[in-house]
2 protein chains.
Amino acid sequence: MPGKASQPSSNPDILQGTLDVMILRTLQRAESHGYAIARAIERGSGGVLTIEEGSLYPALYRLQKRGDLASEWRTTETGRRARFYKLTSAGRKRLVQEVDQWERLSAAVQRVLGAQGAGA
Amino acid sequence: MPGKASQPSSNPDILQGTLDVMILRTLQRAESHGYAIARAIERGSGGVLTIEEGSLYPALYRLQKRGDLASEWRTTETGRRARFYKLTSAGRKRLVQEVDQWERLSAAVQRVLGAQGAGA
DNA sequence: CATAATACCTAGAAGATCGAGGTATCCATG
DNA sequence: CATGGATACCTCGATCTTCTAGGTATTATG
């Protein structure tokens with residue numbers, strides 16, 4: 001096999017379990033539709049994250065089914081049909097919990113990774 | 001509705017994808033066996049994380065199969081049989097990459113969650 | 001002897017994400 | 001008008017990680 005020396009490796013676009021909370025946070029700022037939510041997260045991450053549509057739409061469906069989001073078809077400023085999502089009150093509560101959870105768990109990982117074996 | 005107001009909810013013990021890097025980091029400090037690795041991570045996290053054996057042993061197997069770890073049966077100080085793991089040179093490289101990946105991705109999530117809508 | 005702690009292992013289920021496909025509309029360009 | 005790109009949605013199947021829940025064996029303790 002010629003060429004193709006790249007390592008496909010494990011190249012996750014996002015940390016598993018963080019998509020939901022990022023969606024909720026994005027919608028806390030303003031109601032929005034799927035495509036725009038994805039672009040907003042990507043921009044907000046400084047271009048580090050990529051939101052795949054195959055992850056995004058199932059996540060939105062999941063969150064709505066769970067009662068954290070409500071949605072309706074509307075028209076964008078540019079005249080396109082799109083499904084707009086907004087947080088429900090349950091979603092607002094969930095957001096607070098999940099942000100807290102993220103802080104706790106990511107700080108814990110950081111401690112494990114960073115913990116100095118001993119002082120110099 | 002009597003009692004039982006607690007929500008079992010989604011209570012992941014760890015952030016998906018972080019177990020491997022925490023194992024590698026733990027073994028960078030000292031060779032160790034599975035059970036001790038789990039306890040070390042739990043201690044290192046300040047008691048926040050719980051390492052389930054059903055996650056731990058498959059992960060160790062995975063990492064060894066991948067070439068990041070080598071292992072051998074040995075006897076602990078307390079006279080017990082245990083499989084001791086240590087990093088291979090591939091494992092040391094992987095550790096550096098995965099720590100870097102973690103820093104990048106967790107910082108990105110942090111930006112998305114924290115991003116101020118606008119200056120005060 | 002019963003129990004807890006240490007120490008290992010596995011099978012099956014659940015859940016999230018990804019890759020790859022599909023549809024449709026709008027707009028610019030040639 | 002034909003083409004292609006961007007916008008906007010959706011879904012299926014595969015993959016991967018973790019959890020639940022079992023199991024074995026040894027050592028130490030009461």
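Numbered from 1 within each chain, the chains take letters A, B, ... in sequence-line order. When reading the values below, keep in mind they use all heavy atoms of this one structure, side chains included, and skip hydrogens, waters and symmetry mates.
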Can you pull every protein N or O that's under 3.5 Å from an N or O on nucleotides 26-30 of chain D?
from: D/dT26; atom 1: O2; to: B/R80; atom 2: NH1; distance (Å): 2.9
from: D/dT26; atom 1: O2; to: B/R80; atom 2: NH2; distance (Å): 3.1
from: D/dT27; atom 1: O4'; to: B/R80; atom 2: NH2; distance (Å): 3.3
from: D/dT27; atom 1: O2; to: B/R80; atom 2: NH2; distance (Å): 3.4

Take atom [atom1] of [X] and atom [atom2] of [N], then tell me their distance rounded to the nearest Å.
X	N	atom1	atom2	value
B/I37	C/dT6	CD1	P	15 Å
A/Y35	C/dT23	OH	C1'	15 Å
B/K65	D/dT17	NZ	P	10 Å
A/L15	D/dT18	CG	P	12 Å
A/L19	D/dC16	CG	P	20 Å
B/I14	C/dA14	CD1	P	20 Å
A/F84	D/dT7	CZ	C1'	12 Å
A/L56	C/dG21	CG	P	20 Å

> Looking at D/dT17, does its base get a donor-acceptor pair with the side chain of B/Q16 below 3.5 Å?
Replying inline: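 Between D/dT17 and B/Q16, which were checked side chain against base, a qualifying N/O pair under 3.5 Å is present.
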> Where the side chain of B/E52 is defined as all heavy atoms beyond and including C-beta, which of C/dC18, C/dA5, D/dT20 is the nearest nucleotide?
Replying inline: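 The answer is D/dT20.
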[atom2] on [Y] to [atom1] on [X], rounded to 0.5 Å:
X	Y	atom1	atom2	answer
A/F84	A/S71	CZ	OG	11.5 Å
A/L69	A/I23	CG	CD1	7.5 Å
A/T26	A/I41	OG1	CD1	4.0 Å

> Any donor and acceptor pair, going by atom type alone, linking the side chain of B/E98 with main-chain N or O of B/D20 inside 3.5 Å?
Replying inline: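 Absent.
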List the atom of [X], the atom of [Y], and the distance in Å for their closest heavy-atom pair.
X	Y	value
B/L56	B/A38	CD2-CB, 3.9 Å
B/A36	B/S32	CB-OG, 3.2 Å
A/A90	A/G67	CB-O, 3.6 Å

> Is the distance from OP1 or OP2 of C/dA16 to the nearest side-chain N or O of A/R62 less than 4.0 Å?
Replying inline: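 Yes, such a contact exists.
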> Mind checking what makes salt bridge (Lys or Arg N to Asp or Glu O under 4.0 Å) contact with B/R74, not counting sequence neighbours?
Replying inline: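 B/E31, B/E72.
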> Taking it one step at a time, do B/R94 and B/Q97 satisfy side-chain hydrogen bond (donor to acceptor under 3.5 Å, both in side chains)?
Replying inline: CA-CA 5 Å; B/R94 172 96 58 177; B/Q97 291 169 356; 5.4 Å; no
So which protein nitrogen or oxygen atoms get under 3.5 Å of nucleotides 10-13 of chain D's nitrogens or oxygens?
from: D/dC10; atom 1: OP1; to: A/R83; atom 2: NE; distance (Å): 3.4
from: D/dC10; atom 1: N4; to: A/E53; atom 2: OE1; distance (Å): 3.4

